[in-house]
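One structure is given here, and the rest of the page talks about it.
Side chains are part of it too, since the values below use all heavy atoms of this structure and drop only hydrogens, waters and symmetry mates. In each ligand, atom 1 is the first atom listed, and ligand 1 is the first ligand listed. In this text the structure is predicted, and so the values were computed from the model without any measurement.
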Amino acid sequence: MRAVVCTRYGPPEVLVLEEVPTPVPRKNEVRIRILATAVTSSDCYTRGLNLSLAYRIMARLVLGWNAPRQPVLGMVLSGEVDAVGPDVRTFDVGDRVFGFNRHRFGTYAQYVCWPEDGFLATRPPNLTDEEAVTIPYGGLLALSFLRKADVRAGQSILVFGASGAVGTSAVQLARHLGARVTGVCSTANVELVTSLGAERVVDYTVGDFTEGTERYDLIFDAVGKRKSAAALRDCRQVLAPGGACISVDDGTPSLRREDLVLLGELAAKGEIRPVIDRTYPMDDIVEAHRYVDTGHKRGNVVITVP
Ligand SMILES: NC(=O)c1ccc[n+]([C@@H]2O[C@H](COP(=O)([O-])OP(=O)(O)OC[C@H]3O[C@@H](n4cnc5c(N)ncnc54)[C@H](OP(=O)(O)O)[C@@H]3O)[C@@H](O)[C@H]2O)c1
């Protein structure tokens with residue numbers, strides 16, 4: 001099969017299209033013919049290891065010292081089950097699925113084998129593969145943090161970095177939970193964030209949310225800028241009594257398989273919608289990584305797999 005191989009850690013050019021053996025499912029695994037994947041910010045961190053020295057060493061120990069031990073990156077997919085192991089009970093050949101796997105990677109390829117009890121669910125029937133693949137990454141991360149913060153109806157929530165993959169999901173999910181949402185983004189994304197359900201939008205290029213009169217039950221840094229964004233350093237002054245300021249970079253989120261099913265149901269009902277910035281064919285993966293490396297994508301960058 002064709003796959004994108006990460007030959008070493010470095011710039012986007014370390015990604016190379018190659019022929020690799022097609023995987024064969026083990027007894028509890030399904031093989032998925034991948035029709036769409038996405039370039040997530042995590043993929044770019046894994047490829048480039050643009051981290052502090054301590055984190056870089058830790059990442060190399062976990063992922064592989066000179067290059068990723070699993071050389072085919074990619075965490076999300078949408079596609080079709082095309083083979084099942086002998087013990088598989090949940091899925092059949094021909095099922096349309098979407099999913100996420102933060103440990104195994106392997107979705108920058110035509111096929112991947114995943115355990116049937118992993119983060120794999122029936123693809124929402126109203127979504128294309130390109131649309132469905134945008135749901136798991138931002139959705140699972142945002143949902144885990146909103147749940148941890150116990151977001152409830154009527155609360156006032158601020159999503160900082162409301163236009164990224166996690167941010168666009170957080171705005172929509174907080175709104176779904178009944179919260180009043182304020183989004184922080186740049187001028188170009190004000191319309192998008194409003195359309196996702198934010199009641200108010202603060203354009204960070206012209207204003208500072210800490211100067212407003214609104215008091216927030218939760219301030220969620222959805223883009224990992226707590227150390228660099230001055231407004232986030234001062235965020236405590238605009239918290240309501242008992243409010244909290246959390247970041248998507250606060251530790252390892254506990255993700256739940258049933259949340260993937262929930263996200264699929266919400267997408268099927270139109271309660272959350274896919275946000276696609278750009279779509280590239282797998283042959284243009286280097287270009288796609290260059291774009292995500294800018295740190296300014298809107299929502300998701302999708303890769304179509306031939
Ligand atoms: N804890 C974990 O295990 C874990 C796992 C995965 C990811 N993460 C974290 O999650 C973060 C977010 O991931 P993502 O995929 O959602 O990112 P993303 O989609 O790449 O974020 C891009 C968005 O961030 C916005 N942005 C950039 N600089 C900003 C700033 N100074 N202020 C406000 N918005 C800004 C951009 O909008 P503009 O163009 O308008 O600036 C753009 O729309 C990652 O960077 C990582 O730190 C954590």
Validation row: Leu218, Phe145 side chains within 4.5 angstrom (heavy atoms)
no
Under 3.5 Å, side-chain donor or acceptor atoms of residues 75-88 against the rest of the protein: list the pairs with distances, not counting sequence neighbours.
from, atom 1, to, atom 2, distance (Å)
Ser78, OG, Asp129, OD1, 2.7
Asp82, OD1, Arg31, NE, 2.8
Asp82, OD2, Arg31, NH2, 3.3

Tabulating one pair per line, provide the atom names and distances (0.1 Å) for every N/O atom of ligand 1 that is less than 3.5 Å from a protein N/O atom.
from, atom 1, to, atom 2, distance (Å)
ligand 1, 1 (N), Val248, O, 2.7
ligand 1, 1 (N), Gly251, O, 2.9
ligand 1, 13 (O), Ser41, OG, 3.1
ligand 1, 15 (O), Ser41, OG, 2.8
ligand 1, 16 (O), Ala165, N, 3.1
ligand 1, 16 (O), Val166, N, 2.8
ligand 1, 19 (O), Ala165, N, 2.9
ligand 1, 19 (O), Lys297, NZ, 2.6
ligand 1, 37 (O), Ser163, OG, 3.1
ligand 1, 39 (O), His296, ND1, 2.8
ligand 1, 40 (O), Ser186, N, 3.3
ligand 1, 40 (O), Ser186, OG, 2.4
ligand 1, 40 (O), Asn189, ND2, 3.1
ligand 1, 41 (O), Tyr204, OH, 2.4
ligand 1, 41 (O), His296, ND1, 3.0
ligand 1, 43 (O), Ser163, O, 3.4
ligand 1, 43 (O), Ser163, OG, 2.7
ligand 1, 43 (O), Lys297, O, 2.5
ligand 1, 45 (O), Tyr45, OH, 3.1
ligand 1, 47 (O), Asp249, OD1, 2.8
ligand 1, 47 (O), Asp249, OD2, 3.1

Would you say Arg47 and Asp293 make side-chain contact, with heavy atoms under 4.5 Å?
yes
With sequence neighbours left out, the residues meeting salt bridge (Lys or Arg N to Asp or Glu O under 4.0 Å) with Arg2 are Asp283
Quick one: which residue pairs count as a side-chain hydrogen bond (donor to acceptor under 3.5 Å, both in side chains) with a foot in residues 152-181, not counting sequence neighbours?
Asp150-Arg152, Ser156-Glu214, Ser163-Asn189, His176-Glu271, Arg180-Glu214
Does Val286 reach the side chain of His289, with side-chain heavy atoms less than 4.5 Å apart?
no
